[in-house]
Student: 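Supplied in structure tokens, the structure appears directly below.
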2 protein chains.
Amino acid sequence: MEPYQSIGWTAARLARQLEVALATVELSSAQYRMLVQLAQGSEASTPLARKLAVSAPSVTTVVDGLVQRGAVERTYSAEDRRRVSLALTEIGQGLLVSAEDAVRGRLESIANELEDEGLAGNAIRALALWGEALDRARIRRHSLQREAEVVAP
Amino acid sequence: MEPYQSIGWTAARLARQLEVALATVELSSAQYRMLVQLAQGSEASTPLARKLAVSAPSVTTVVDGLVQRGAVERTYSAEDRRRVSLALTEIGQGLLVSAEDAVRGRLESIANELEDEGLAGNAIRALALWGEALDRARIRRHSLQREAEVVAP
DNA sequence: TATTGTTATACTCTATAACTATA
DNA sequence: TATAGTTATAGAGTATAACAATA
């Protein structure tokens, strides 16, 4: 049997390995994504939903869990009282550090399967390449969205 | 703000993009992983759980959904009547083709953000590298598990 | 009226523990 | 007794639709 090779299959297995690694620190992928996003600065709910590519109610649900754990704090804006500012607490920052350790450990140990060919580093660097691509795709997505709003609000 | 760069963050965003792509064909990541695994040959439930790194009840749940859609068929073994053979139907095969199209489309369009530097192909090929690493890691996981069973059943 | 965020509701995935049927 | 698979149960993420509060 020739190995099944598809970009999706690889991404899907990588995703599952991520979940397994995060489970060791009792975090879900969604919670982890939220922590990372908030580590890049406090934000309101709506832009978070856009950046994380989820619905508004999903943000509420995920944040609820993190608030309960003391990892995230909700602050209500004084100027616009509809808006909520979401921010990492110290607990949240520590949790994120633990999560990064767990994930890096598991994914690097997988990449190290390629060390005989000296390709482990290539694999790690390649993910950084995808990081850059994802950043740009997000920017494009958001600017297209703004255009769409102008055309058909 | 310097970009947040971590192997986990990249994997997590890639995972979310996969989910979004799969949603267009009304598949979850778990269902997609099951379809791909079964496309590589029919299997019983227990080895599937091991290979997909999930619990036995998760296999039951995911397969239930796919059986309901006519994508997977359960066949009960005559020799050992506890065992179930899980196999893709033609519908399941077609569904997998649609899923692969959707996923390839979305992930390649993300990789194409790097085309100006001629790095889009590198990103795609790099995922194949991870595919190989994941294959080897799975083999290692399974052989370690067998050893553990021998030592402490 | 439009926007922000939440609530209501429903479905799926996940796990552990308990159970059934079979070996 | 041990194994294969399911059922029971609980918790989390996801979405759409409906809602409240605010602008």
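Every chain is numbered from 1, with letters handed out A, B, ... down the list of sequences.
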Student: Under 3.5 Å, which N/O atoms of the protein pair with N/O atoms of nucleotides 9-13 of chain C?
Tutor:
unit_1	atom_1	unit_2	atom_2	d
C:dC13	OP1	B:Ser28	OG	2.5

Student: Select from A:Pro57 and B:Asp64 the residue whose nearest nucleotide in DNA chain D is closer to the 5' end of that strand.
Tutor: B:Asp64
Student: Please tell me if B:Arg82 has a side-chain N or O lying less than 4.0 Å from either OP1 or OP2 of D:dT6.
Tutor: no
Student: I need the CG-P distance between B:Leu48 and D:dT6, as an integer number of Å.
Tutor: 11 Å
Student: Under the salt bridge (charged side-chain N to carboxylate O under 4.0 Å, His left out) rule, what pairs show up with a residue in residues 16-28 of chain B, not counting sequence neighbours?
Tutor: B:Arg16-B:Glu19
Student: Where the side chain of A:Gln40 meets the backbone of A:Val36, is there a donor-acceptor pair that is under 3.5 Å apart?
Tutor: yes
Student: In whole angstroms, how far is the C1' atom of D:dA12 from the CZ atom of A:Arg69?
Tutor: 12 Å
Student: Quick check for you: among C:dT22, C:dT3, D:dG5, whose closest atom lies nearest to any side-chain atom of B:Ala44?
Tutor: D:dG5
Student: How close or far is atom P of C:dT3 from atom CG of A:Asp80, stated in whole angstroms?
Tutor: 12 Å
Student: What is the distance from CG of A:Leu66 to P of D:dA12, rounded to the nearest Å?
Tutor: 11 Å
Student: It should be established whether B:Arg81 places a side-chain nitrogen or oxygen under 4.0 Å from OP1 or OP2 of nucleotide C:dT22.
Tutor: yes
Student: Can you tell me if B:Thr24 uses its side chain to pair, donor with acceptor, with the backbone of B:Val20 under 3.5 Å?
Tutor: no
Student: With a non-hydrogen cut-off below 4.0 angstrom, is A:Ser55 in contact with a base, only sugar-phosphate, or nothing?
Tutor: base
Student: Tell me what A:Glu26 touches on the nucleic acid: a base, only sugar-phosphate, or nothing, going by heavy atoms under 4.0 Å.
Tutor: nothing
Student: With a 3.5 Å distance limit and no angle check, can you tell me whether B:Ser58 reaches the backbone of B:Val54 through a side-chain donor-acceptor pair?
Tutor: no
Student: Does A:Thr60 put a side-chain nitrogen or oxygen below 4.0 Å from OP1 or OP2 of C:dT6?
Tutor: yes
Student: Are the side chain of B:Tyr32 and the backbone N or O of A:Trp9 linked by a donor-acceptor pair below 3.5 Å?
Tutor: yes
Student: What is the separation between atom CD on B:Gln17 and atom C1' on D:dT14, rounded to the nearest whole Å?
Tutor: 15 Å
Student: Counting only heavy atoms and a strict 4.0 angstrom limit, can you tell me which residues of residues 85-102 of chain A come near DNA chain D?
Tutor: none
Student: Which whole-number value in Å describes the distance from A:Arg50 CZ to C:dT4 P?
Tutor: 10 Å
Student: Using whole Å, what does the distance between atom C1' of nucleotide D:dA21 and atom OH of A:Tyr76 come to?
Tutor: 12 Å
Student: Using a 4.0 Å heavy-atom cut-off, does A:Ala23 contact any base of the nucleic acid, only the sugar-phosphate backbone, or nothing at all?
Tutor: nothing
Student: The criterion is side chain to side chain donor-acceptor pair (under 3.5 Å); which residues satisfy it with B:Arg74, sequence neighbours excluded?
Tutor: B:Asp64
Student: Under 3.5 Å, side chain of A:Gln31 to main-chain N/O of A:Ser28, donor-acceptor pair present?
Tutor: yes
Student: What distance do B:Leu38 atom CG and B:Leu66 atom CG have between them, rounded to the nearest 0.5 Å?
Tutor: 8.0 Å
Student: Name the residue closer to the 5' end of DNA chain C, choosing between A:Arg16 and A:Arg83 according to the nucleotide with the nearest heavy atom.
Tutor: A:Arg83
Student: Output every pair passing salt bridge (charged side-chain N to carboxylate O under 4.0 Å, His left out) with a member in residues 32-49 of chain A, not counting sequence neighbours, ordered by first then second residue.
Tutor: A:Glu43-A:Lys51
Student: Determine all donor-acceptor pairs shorter than 3.5 Å in which one atom belongs to a side chain in residues 114-121 of chain A; sequence neighbours excluded.
Tutor:
unit_1	atom_1	unit_2	atom_2	d
A:Glu117	OE1	B:Arg136	NH1	3.3
A:Glu117	OE2	B:Arg136	NH1	3.3
A:Glu117	OE2	B:Arg136	NH2	2.6

